[in-house]
Amino acid sequence: YVPVMGATTIRTFYGGDNFAANYSLSNTRAFIASFYSPVAAFLLTTFNSFAAPFTLALVCGVAAFFLQFKIRENNI
């Protein structure tokens, strides 16, 4: 078993002040991400193209990229 994101990475990137909340939130992402596969399969069968699931992945990835910097500590 490997955690979604290591504790050291979370402490380094987000800081130690709210470590418990950040750690639990980072592991919650695995639960949220588990819904992507059924949605992508539905989009694939609906549109008969990989463009829709790829677009969904691209949008989610871009949103996650910007959200991670939104909650990051500024003093690093």
Side-chain angles (χ1 to χ4, degrees):
Y1 172 73
V2 178
V4 175
M5 203 171 181
T8 307
T9 306
I10 294 170
R11 186 178 301 273
T12 302
F13 193 76
Y14 299 109
D17 292 341
N18 298 317
F19 175 75
N22 291 336
Y23 189 72
S24 64
L25 183 65
S26 73
N27 288 332
T28 304
R29 290 182 300 174
F31 175 72
I32 295 169
S34 69
F35 291 104
Y36 175 77
S37 181
V39 171
F42 173 76
L43 290 173
L44 180 63
T45 57
T46 302
F47 294 106
N48 280 338
S49 171
F50 284 103
F54 179 72
T55 304
L56 177 64
L58 188 64
V59 168
C60 290
V62 168
F65 180 76
F66 287 112
L67 284 175
Q68 76 176 350
F69 291 108
K70 181 76 174 159
I71 61 173
R72 185 178 177 186
E73 280 190 9
N74 293 327
N75 59 1
I76 294 178

Counterpart residues, side chain to side chain contact (heavy atoms under 4.5 Å, CB included), relative to Phe19 (two or more places apart) = Ala7, Ile10, Arg11, Tyr23

message = Minimum heavy-atom separation for Ala40 and Pro53, please, with both atom names.
response = O-CG, 3.5 Å

Side chain to side chain contact (heavy atoms under 4.5 Å, CB included) partners for Phe35, two or more places apart = Phe31

query = Are Val62 and Phe54 linked, directly or through other ILVMFWY residues, by side chains that come within less than 4.5 angstrom of each other?
reply = no

request  = Taking side chain to side chain contact (heavy atoms under 4.5 Å, CB included) as the test, write out the residues that go with Leu56, two or more places apart.
outcome  = Tyr36, Val39, Leu43, Cys60

Enumerate, atom names and distances included, each donor-acceptor pair closer than 3.5 Å involving a side-chain atom of residues 44-51, sequence neighbours excluded.
{"from": "Thr45", "atom 1": "OG1", "to": "Ala41", "atom 2": "O", "distance (Å)": "3.2"}
{"from": "Thr45", "atom 1": "OG1", "to": "Phe42", "atom 2": "O", "distance (Å)": "3.0"}
{"from": "Thr46", "atom 1": "OG1", "to": "Phe42", "atom 2": "O", "distance (Å)": "2.7"}
{"from": "Ser49", "atom 1": "OG", "to": "Ala51", "atom 2": "N", "distance (Å)": "3.1"}

